[in-house]
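Single-structure report; data block below.
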Amino acid sequence: MTSFQEEVYKVVRKIPKGRIMSYKSVAKKAGRPLSWRAVGNILNRHQEPGLPCHRVIRSNGKIGGYRRGVRKKTLLLKKEGIIIKNDRVCS
DNA sequence: CTAATGACCATTA
DNA sequence: ATAATGGCCATTA
C-alpha cells in the first residue's frame with residue numbers, strides 16, 4: 001500500500017451516492033493536484049472491496065473507463081439517479 | 001536503475 | 001461539433 005493509494009481511496013470513499021467527481025478533482029483532494037493520470041491507474045487495478053470508483057468520471061463530462069466494463073459503470077450511475085446520455089452525464 | 005503503461009487533461013486543428 | 005497531439009505522474013515490468 002502506497003500513501004498515494006491510501007489518500008485516493010480515502011477520497012473516493014467519501015463521495016456520496018448520486019454524486020460524481022472527476023479524476024482531476026480526486027487527485028487534487030488527495031493532495032496531489034497534478035497526479036490525476038495516476039489516479040486512473042490506481043482505480044483501474046484497485047482491489048478494494050466496496051469502493052465506489054464508478055462515481056469517478058472524466059472532467060469533460062464523459063463516463064471514462066471501468067475495469068469490469070463501461071456498461072456496468074453507466075448502469076450503476078443510472079441506478080444512483082444520474083442521467084446519462086450518449087456516454088455523457090447531463091448537467 | 002530505466003522504460004513503458006494507462007479507467008486522463010487541455011489545447012489545438 | 002470531433003480528432004489529433006503533447007504532457008502528466010504513480011505504478012509496474
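All figures in this text were calculated on a predicted structure; none of them were measured in a lab. Note on naming: letters A, B, ... go to the chains in the order of the sequence lines (proteins, then strands), and numbering restarts at 1 for each one.
For Ala38(A) and Arg88(A), each mapped to the nucleotide of DNA chain C holding its nearest heavy atom, the one lying further toward the 5' end belongs to Arg88(A). Heavy-atom distances to DNA chain C give each of Val39(A) and Trp36(A) a nearest nucleotide, and the one nearer the 5′ end belongs to Trp36(A).
Summarising the geometry, the separation between NZ on Lys24(A) and P on dG7(C) is reported as 17 Å, rounded to the nearest angstrom. The CG atom of Asn60(A) sits 13 Å away from the P atom of dA3(C) (whole-angstrom rounding). The distance between atom CG of Asp87(A) and atom P of dC8(B), rounded to the nearest whole Å, is 13 Å. Going from atom CG of Leu34(A) over to atom C1' of dC8(B) covers 13 Å, rounded to whole Å. As a whole-Å value, the separation of Gln47(A) CD from dT11(C) C1' is 15 Å. Whole-Å rounding puts the Lys62(A) NZ to dC8(B) C1' distance at 13 Å. Straight-line distance from the CZ atom of Arg58(A) to the P atom of dT11(B): 15 Å, rounded to whole Å. Distance Gln5(A) CD to dT12(C) P: 6 Å, rounded to the nearest Å.
Of the nucleotides present, dA4(B) is the one that pairs with dT11(C) by Watson-Crick or G-U wobble criteria, both distances under 3.5 Å.
No side-chain heavy atom of Ile82(A) sits less than 4.5 Å from a side-chain heavy atom of Arg19(A). Residues Lys17(A) and Arg55(A) are in side-chain contact: their nearest non-hydrogen atoms beyond the backbone lie under 4.5 Å apart.
A donor-acceptor contact under 3.5 angstrom links the side-chain atoms of Arg37(A) to the base of dC8(C).
Leu43(A) comes within contact range of at least one nucleobase, with a heavy-atom separation under 4.0 Å. Across all strands shown, Tyr23(A) has heavy atoms under 4.0 Å from base atoms, whether or not it also approaches the sugar-phosphate.
For Lys24(A) (side chain) and Ser59(A) (main-chain N/O), no donor-acceptor pair under 3.5 Å exists by modelled atom type.
When the nucleotides dA10(C), dT12(C), dC9(B) are ranked by their closest atom to the side chain of Arg45(A), dT12(C) comes out on top.
Defined by atom type and a distance below 3.5 Å, a donor-acceptor pair is present between the side-chain atoms of His54(A) and Glu80(A).
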